[in-house]
Protein chains: 2
Amino acid sequence: MSKRNAILASATRLFSRNGFQGTAMAELSAITGAATGTIFHHFKNKEDLFLQVLNDVKESILDQFDRHQQTCRDQNGIARVEGVVAFYLHLAGTMEDQFLIIHRHDPYQMAETSPVCRSHLESIYTCLLDIFEEGIQTGMRDGSVAVDSPRQTAMVLFAMVDGIARLNTYRVYDAGTLYDSLMVACRRLLTGGR
Amino acid sequence: MSKRNAILASATRLFSRNGFQGTAMAELSAITGAATGTIFHHFKNKEDLFLQVLNDVKESILDQFDRHQQTCRDQNGIARVEGVVAFYLHLAGTMEDQFLIIHRHDPYQMAETSPVCRSHLESIYTCLLDIFEEGIQTGMRDGSVAVDSPRQTAMVLFAMVDGIARLNTYRVYDAGTLYDSLMVACRRLLTGGR
DNA sequence: AAAAAAACCGACCGATCATTCGGTTGGCCT
DNA sequence: AGGCCAACCGAATGATCGGTCGGTTTTTTT
């Protein structure tokens, strides 16, 4: 692995665990074995490094969901949505660092001054909401889903699933046993009980 | 207002807007007009100050919900739950700083080393979940709510409402128009469509 | 009014931070 | 072989950080 990629990988872990301000370039240097000068050779400053990390996070998340979308072309609407919900929870576990970064306040704070950062965040949210919405609309056509507004339902659904994923990472409560309840809630939300 | 309370008030705003590490004691000193020595006279260190702030956040949130609970003694189950959901969104707007603090990672990170911090967080979550659960159980008795597990439904419901509140504060999407959809989702979730 | 206690001040300290810079290395083109 | 450039190094720098301390003012107690 090139030194640049090693820096990016370690930065992802440090930023996700300790946050932007809690991550010291000296620590990153010690972990990767790269001199501080090397880090600043590849990234013009700490914020630029964070943006590159966020870009990688965006690309890997979008890539994972694109790939997942390929696998459920023949399912009906509600099965697609349920599949996405399950996949979202699964990803939040396997790509914990990446999800931690977009669950922290760091990127949203940076988005207020950095259009690039804001663009990355919007790409992620738009992608996720589009996927939910597409499943819902498919379901409305094939009769497996009955809601008023597909987009707004997608947002509520996303808020619910992401909220459960957060509960998991915060570890204030053990939300691992919530999977079944979440699926029931998801189904009720989309069908109105039928 | 005593200087100590002025420090606490300004600290709440700074911690919520800039985070724990992003808040400098010198800045807090400049804003409040209190010398740094005065701050450390009232709080033994930065972490202690944050814990006092979190304690105030806990007490004001718990107080608000206790007061709200008094106003809906005669309502049926689902009306209570819907009232709590609406009140939660309302509070997240009027007490934005307080909710921002518990939405940040700072307290959860501190909770890993500080039992006091963990206790505050657990108090808040337990209180909120208990309120949701109590409404659900009331609804199960009076027939307005039909779910399998009251506690788990309360968690899913909380994750959903809190997720919407976050969307509002992050301002990535305008979730202000989501109120009606959230209420529909809430009702579907609790009644299964009936 | 005297004494004790609490609140308050701000210069100061050592540590740590992001970033810079002058210099070395190693592969690639000619 | 020689020239070139990107990758790499790590000591040095100035700013900023949380926290201390000796002293003054204000409030409370006796």
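Naming convention: chains lettered A, B, ... in sequence-line order (proteins, then strands); numbering from 1 in each chain. Bear in mind that the values here come from a model prediction, so they are computed numbers and not experimental data.
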Could you list the protein-to-nucleotides 8-16 of chain C atom pairs, N/O on both sides, closer than 3.5 Å?
| residue | atom | partner | partner atom | Å |
| --- | --- | --- | --- | --- |
| C:dC8 | OP2 | B:H42 | NE2 | 2.6 |
| C:dC9 | OP1 | B:K3 | NZ | 3.3 |
| C:dC9 | OP2 | B:A35 | N | 3.1 |
| C:dC9 | OP2 | B:T38 | OG1 | 3.0 |
| C:dG10 | O6 | B:G37 | N | 3.3 |
| C:dA11 | N6 | B:T36 | OG1 | 3.3 |

Within residues 44-53 of chain B: residues closer than 4.0 Å to DNA chain D (heavy atoms)
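Residues of residues 44-53 of chain B under 4.0 Å from DNA chain D: B:N45, B:K46.
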Got a sec? Which of residues 5-15 of chain A come in under 4.0 Å of DNA chain D, heavy atoms?
none
All N/O donor-acceptor pairs, side-chain side in residues 5-15 of chain B, below 3.5 Å, sequence neighbours left out:
| residue | atom | partner | partner atom | Å |
| --- | --- | --- | --- | --- |
| B:S10 | OG | B:A6 | O | 3.4 |
| B:T12 | OG1 | B:L8 | O | 2.8 |

Quick check for you: to the nearest 0.5 Å, what is the distance between A:E82 atom CD and A:L182 atom CG?
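If we round to the nearest 0.5 Å, A:E82:CD and A:L182:CG are 9.5 Å apart.
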Under 4.5 Å between side-chain heavy atoms, hopping through other hydrophobics if needed: is there a path connecting [X] to [Y]?
{"X": "B:L91", "Y": "B:V53", "value": "yes"}
{"X": "B:L100", "Y": "B:L62", "value": "no"}
{"X": "A:V184", "Y": "A:L189", "value": "no"}

Does the pair B:E134/B:R80 count as a salt bridge with the N-to-O cut at 4.0 Å?
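So B:E134 pairs with B:R80 through a salt bridge.
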Could you check whether B:D97 pairs with B:R17 (Lys NZ or Arg NE/NH1/NH2 to Asp/Glu carboxylate O, under 4.0 Å)?
yes
Nucleotide C:dT20, atom C1' - distance to CZ of A:F43 in whole Å:
18 Å
Nucleotide C:dG22, atom P - distance to CZ of A:F40 in whole Å:
17 Å
Do the two ring centres, one from [X] and one from [Y], sit under 6.0 Å apart?
{"X": "B:Y125", "Y": "B:F158", "answer": "yes"}
{"X": "B:F99", "Y": "B:Y88", "answer": "yes"}
{"X": "A:F87", "Y": "A:F65", "answer": "yes"}

Side chains of B:H105 and A:H105 in contact at under 4.5 Å (non-hydrogen atoms)
no
For residues 146-157 of chain B, tabulate all N or O donor-acceptor pairs below 3.5 Å that involve a side-chain atom, not counting sequence neighbours.
| residue | atom | partner | partner atom | Å |
| --- | --- | --- | --- | --- |
| B:S149 | OG | B:Q152 | N | 3.3 |
| B:R151 | NH1 | B:D130 | OD1 | 2.8 |
| B:R151 | NH1 | B:E133 | OE1 | 2.5 |
| B:R151 | NH2 | B:D130 | OD1 | 3.4 |
| B:Q152 | OE1 | A:S181 | OG | 2.5 |
| B:T153 | OG1 | B:S149 | O | 2.7 |

Can you give the first and last nucleotides of DNA chain D, 5' to 3', that have an atom under 4.0 Å from a heavy atom of chain B?
D:dC17 to D:dC21
What's B:T23 touching, base or sugar-phosphate or nothing? Going by heavy atoms closer than 4.0 Å.
sugar-phosphate
Side-chain H-bond candidate by donor/acceptor type, A:Q109 with B:R104, under 3.5 Å
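Their side chains do contain a donor-acceptor pair, which is all the 3.5 Å distance test asks for.
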